[in-house]
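Here the structure is a predicted model, which means the values were calculated and not measured.
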Amino acid sequence: MEAFLVSTGAVALGEIGDKTQLLALLLAARFRRPLPIILGILVATLVNHALAGAVGTAIAAWLGPDTLRWIIGGSFLAMAAWMLIPDKIDEDEATPQRFGVFGTTVIAFFLAEMGDKTQIATVALAARYADLGAVVAGTTLGMMLANVPAVLLGHQAATKLPIKLVHGIAAAIFAVLGLLTWFNVGHLF
């Protein structure tokens, strides 16, 4: 029970103001369909955190902290650039064509969680506690506690948010995160 409760609390607190919480808000504003977004977050988080608990430590040791830092920083900068590229869904309210709302959410959340502080926390918690199931369940619940309200608020605010402005702000945040990661501000690794 300790592994579950500690994992839930650590991730719920760590997720407040995190980039994936911003992603939840953006997906809700963009698609205006909270249920498939919430389910997509759940699936992506379960898979991501299970993998993080099982193999995250080995991957981080294999790549080394400096290489991992450069890859993660580059990913943030790539996400910033991608946020500035308008796509068809921003111009009209068409249904997502390729993966649907659920699939888009699963893919976006899974990728956004790669190297994220909650993923790193999951690796550390899995190393600390022998009960991997309790850690994954706890980190997943923590993620949901932080992101479901963002989805519901994003859905409510969708008609009031200027999507281009939100994308610009998100791009700026991702760019800052990328640069901070590259320059190891706060000694993240």
Side-chain angles (χ1 to χ4, degrees), residues 7-8 11-54 56 72 75-123 135-175 177-178:
S7 297
T8 300
V11 170
L13 291 174
E15 186 66 12
I16 302 298
D18 193 57
K19 72 182 185 304
T20 48
Q21 194 176 46
L22 175 63
L23 179 59
L25 181 65
L26 288 172
L27 288 167
R30 181 177 185 182
F31 295 126
R32 298 178 178 107
R33 295 193 47 215
L35 185 58
I37 294 169
I38 290 168
L39 292 174
I41 292 170
L42 177 62
V43 169
T45 301
L46 280 170
V47 172
N48 190 291
H49 288 192
L51 291 172
I72 292 168
S75 298
F76 285 151
L77 292 172
M79 182 66 84
W82 178 68
M83 292 299 294
L84 294 174
I85 299 170
D87 54 22
K88 191 163 176 56
I89 195 91
D90 289 340
E91 295 162 8
D92 62 32
E93 308 223 353
T95 305
Q97 297 172 9
R98 187 163 188 170
F99 300 110
V101 176
F102 174 79
T104 298
T105 302
V106 170
I107 292 166
F109 251 80
F110 184 84
L111 293 175
E113 270 296 291
M114 297 304 291
D116 190 61
K117 63 184 170 187
T118 53
Q119 186 186 46
I120 293 167
T122 302
V123 170
V135 169
V136 172
T139 57
T140 300
L141 178 60
M143 182 71 82
M144 299 308 290
L145 288 172
N147 286 301
V148 168
V151 170
L152 296 175
L153 289 174
H155 178 67
Q156 296 298 322
T159 58
K160 297 176 179 112
L161 287 176
I163 295 298
K164 287 184 180 182
L165 176 63
V166 172
H167 280 206
I169 292 168
I173 291 170
F174 282 118
L177 286 171

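Side-chain N or O atoms of Thr8 include one that pairs as donor or acceptor with a backbone N or O of Gly138 at under 3.5 Å. At distances below 3.5 Å, not a single donor-acceptor pair connects side-chain atoms of Thr104 with backbone N or O atoms of Val101.
To the nearest 0.5 Å, atoms OG1 (Thr105) and CD1 (Ile38) are separated by 10.0 Å.
Taking every heavy atom of both residues into account, Thr20 and Ala112 meet most closely at CG2-CB, 3.7 Å. Looking at every heavy atom in both residues, Leu27 comes nearest to Ile37 through O-CD1, 3.4 Å. Taking each heavy atom of Phe109 and Ile41 in turn, the nearest pair found is CE1-CG1, 3.5 Å.
Thr45 has its side chain within reach of His49: a pair of non-hydrogen atoms, C-beta onward, lies under 4.5 Å apart. Residues Val106 and Phe99 form no side-chain contact, since every pair of their non-hydrogen atoms from C-beta on lies 4.5 Å or further apart.
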Return a table of donor-acceptor pairs under 3.5 angstrom between the side chains of residues 142-153 and protein atoms on other chains or two or more places apart.
residue	atom	partner	partner atom	Å
Asn147	OD1	Gln21	N	3.4
Asn147	ND2	Glu15	OE2	3.1
Asn147	ND2	Met143	O	3.0

